[in-house]
Amino acid sequence: MSDWSLAIDFGTCFTTAAVRVERSGTESGAQAGARSGVASGVSSGVSSGVSSDGTGSAAAVEIENSRYLPSLVCLGDDGRLLTGRAAVQLAAQRPERAEHHPKRALLRQSAVLLDDREVDTVDLVAAVLARVADEARAVCGGTDPARTVLTHPADWSPADLDRLVEAAGRAGLDAPELLPEPVAAARFHAANAPAGDGAPIAVYDLGGGTVDTAVLRREAGGFRAVAVAGDPDFGGRDLDQALFELLRDRALDLDPAPWQRLQADRTPVGAHQRSQLSRELTLAKESLSSTGTVYLAVPGYPEPFVVQGGEYRAAVTPALTASVGLLERTVARAGLTPAELGAVVLCGAASRTPPVADLVAARLGRIPELAADPKAAVALGALTDPPAPPPPDGAAAGETGFEAAGPGRWAVAHYPAEVDPWFDYD
Ligand SMILES: Nc1ncnc2c1ncn2[C@@H]1O[C@H](COP(=O)(O)OP(=O)(O)OP(=O)(O)O)[C@@H](O)[C@H]1O
Ligand SMILES: [Mg+2]
């Protein structure tokens with residue numbers, strides 16, 4: 001019988017998976033991990049396990065040396081659906097065969113046209129899930145998982161969830177459990193926070209294609225989302241677009257001709273140059289979370305363009321402010337003030353964008369918490385058991401769980417005095 005669990009956070013842009021090997025009898029987690037190949041993870045395709053709850057250890061699965069499998073699917077020459085690097089490589093050359101965002105497609109249409117073939121969107125999703133499951137099986141002794149957890153946006157309808165479950169079935173993953181993404185993120189936070197205090201948790205998840213916010217209360221069965229709101233049309237991709245527009249304006253100011261030629265070129269070379277530029281823009285955008293300046297070479301211009309972090313941040317701050325406004329409204333809709341929250345948790349890889357944390361601090365008066373790997377937090381949290389329920393009313397320090405939590409733990413008083421979202425980082 002298999003003794004491992006699989007969780008998949010199927011994202012708009014990237015998919016991350018985690019596995020957890022269960023301990024049997026007196027066996028230690030390390031012994032169980034070593035037995036199945038999920039040990040330190042260095043050579044097993046499983047990276048940096050996180051200690052969860054004493055019954056085992058969840059760890060992210062590495063596929064092609066990365067925790068982030070692109071969710072992109074591309075139709076191969078032989079008619080099979082390709083995933084991972086093979087799909088990315090082919091999509092750059094044959095964009096008409098690629099679906100970049102199967103998660104979005106699953107909600108919006110029953111089929112997409114890849115080249116001249118109509119492909120069921122459930123099959124697109126199944127291709128990604130099957131790839132992840134195969135990779136996870138390979139590092140877990142070749143057996144099937146005893147349990148599969150699929151995370152999903154908290155506002156998906158039962159019909160949306162049915163389609164996700166159908167995709168899992170076609171990927172050979174029967175009877176998956178479903179868990180809202182913010183609940184998984186809250187579990188991850190609760191398992192890794194210095195002290196569980198039972199107060200509600202707010203989650204802000206800025207992914208590739210969407211932003212989702214939620215407030216979760218801790219109850220006997222774990223976390224329950226009491227308020228959710230999201231924008232299905234704003235995510236990290238829009239930040240790429242903001243950087244693209246900065247670059248475009250710079251290029252047009254200098255000399256419009258090469259830029260216009262690049263955009264008008266319908267040959268495969270032109271398509272390839274645009275796709276290369278788009279990849280470099282994404283890399284530059286991500287680099288701006290940790291560096292002050294990026295250089296972008298554009299075909300036809302003799303020198304690379306220089307973009308400063310400050311101008312990029314100024315460009316993205318209005319849209320990010322609106323997204324943080326969603327979080328504020330979600331907290332209010334839950335009937336809470338920010339001071340009553342136990343934590344404000346940031347997840348989704350794009351929440352690394354520096355103005356996000358500053359804006360949350362400025363608007364909510366709370367220092368948000370960002371996991372070391374804010375994308376993997378969802379998949380890892382999905383395999384973390386729910387925390388214990390909060391103490392009953394009147395127990396511990398206060399009359400209620402909220403008072404016991406105390407508003408001060410993450411209060412803005414501990415934050416650098418002036419939090420200015422328009423602060424120039426350079
Ligand atoms: N260091 C970074 N700084 C800023 N943005 C980043 C960084 N690393 C990745 N991103 C961006 O994060 C986005 C992907 O985030 P993530 O993988 O969490 O999304 P997803 O789960 O696929 O999408 P969704 O949750 O919307 O379905 C991309 O736009 C990517 O460029
Ligand atoms: Mg996500």
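Both ligands and their constituent atoms are indexed starting at 1 by order of listing.
Taking any N or O of Phe14, backbone or side chain, at least one lies under 3.5 Å from an N or O belonging to ligand 1. In terms of polar-atom proximity, defined here as any N/O pair under 3.5 Å, Thr210 does make such a contact with ligand 1. The shortest N or O to N or O distance between Gly207 and ligand 1 is not below 3.5 Å. The distance criterion of under 3.5 Å between nitrogen or oxygen atoms is met by Glu286 with respect to ligand 1. Taking any N or O of Lys103, backbone or side chain, at least one lies under 3.5 Å from an N or O belonging to ligand 1. Between Ala350 and ligand 1, an N or O atom pair is found at a separation short of 3.5 Å. Residue-to-ligand polar distances place Gly209 within reach of ligand 1: an N/O pair is separated by less than 3.5 Å. Residue Asp240 has no nitrogen or oxygen atom sitting less than 3.5 Å from a nitrogen or oxygen atom of ligand 1, judged on distance alone.
When hydrogens are left out, the protein atom nearest atom 18 (O) of ligand 1 is Ala349 N, 2.8 Å; that is the closest non-hydrogen contact. In this structure, atom 24 (P) of ligand 1 lies nearest to the protein heavy atom Thr12 OG1, 3.4 Å.
Between Arg117 and Asp115 there is no salt bridge, since no side-chain nitrogen of the basic residue lies less than 4.0 Å from a carboxylate oxygen of the acidic one.
With Arg352, Lys375, Lys285, His152 as candidates, the residue nearest to atom 11 (C) of ligand 1 on a non-hydrogen basis is Lys285. Nearest to atom 15 (O) of ligand 1 by heavy-atom distance, out of Pro153, Ala379, Gly208, is Gly208.
If you number the atoms of ligand 1 from 1 as listed, the ones under 4.0 Å from a heavy atom of Thr282 come out as 31 (O). Which parts of ligand 1 touch Gly236 is read off a 4.0 Å heavy-atom cut-off, strictly below it: atoms 29 (O). Proximity to Gly11 (heavy-atom distance under 4.0 Å) selects the following atoms of ligand 1: 20 (P), 21 (O), 22 (O), 27 (O). For ligand 1 and Gly348, the ligand atoms under 4.0 Å from any heavy atom of the residue are 18 (O).
When atom types are taken as modelled, the side chain of Thr353 and the backbone of Val356 share no donor-acceptor pair closer than 3.5 angstrom. Between the side chain of Thr291 and the main chain of Ser287, no donor-acceptor pair closer than 3.5 Å is present. A distance-only check finds no donor-acceptor pair linking the side chain of Lys285 to the backbone of Tyr312 [under 3.5 Å]. At distances below 3.5 Å, at least one donor-acceptor pair connects side-chain atoms of Tyr301 with backbone N or O atoms of Trp259. Using a distance-only test at 3.5 Å, with no hydrogens or angles considered, no donor-acceptor pair links the side chain of Thr213 to the main chain of Thr330.
Under the 3.5 Å distance criterion, with hydrogens and angles disregarded, a donor-acceptor pair is assigned to the side chains of Ser5 and Glu22. Under the 3.5 Å distance criterion, with hydrogens and angles disregarded, a donor-acceptor pair is assigned to the side chains of Tyr204 and Ser323.
Under the 4.5 Å side-chain criterion, counting only non-hydrogen atoms from C-beta, Leu161 is not in contact with Pro158. Contact annotation: the side chain of Glu369 never approaches that of Val344 to less than 4.5 Å [non-hydrogen atoms, C-beta and beyond]. Counting only heavy atoms from C-beta outward, the side chains of Asn192 and Thr384 never approach each other to under 4.5 Å.
With a 4.0 Å cut-off on non-hydrogen atoms, Ser289 touches ligand 1 through its side chain and not its backbone.
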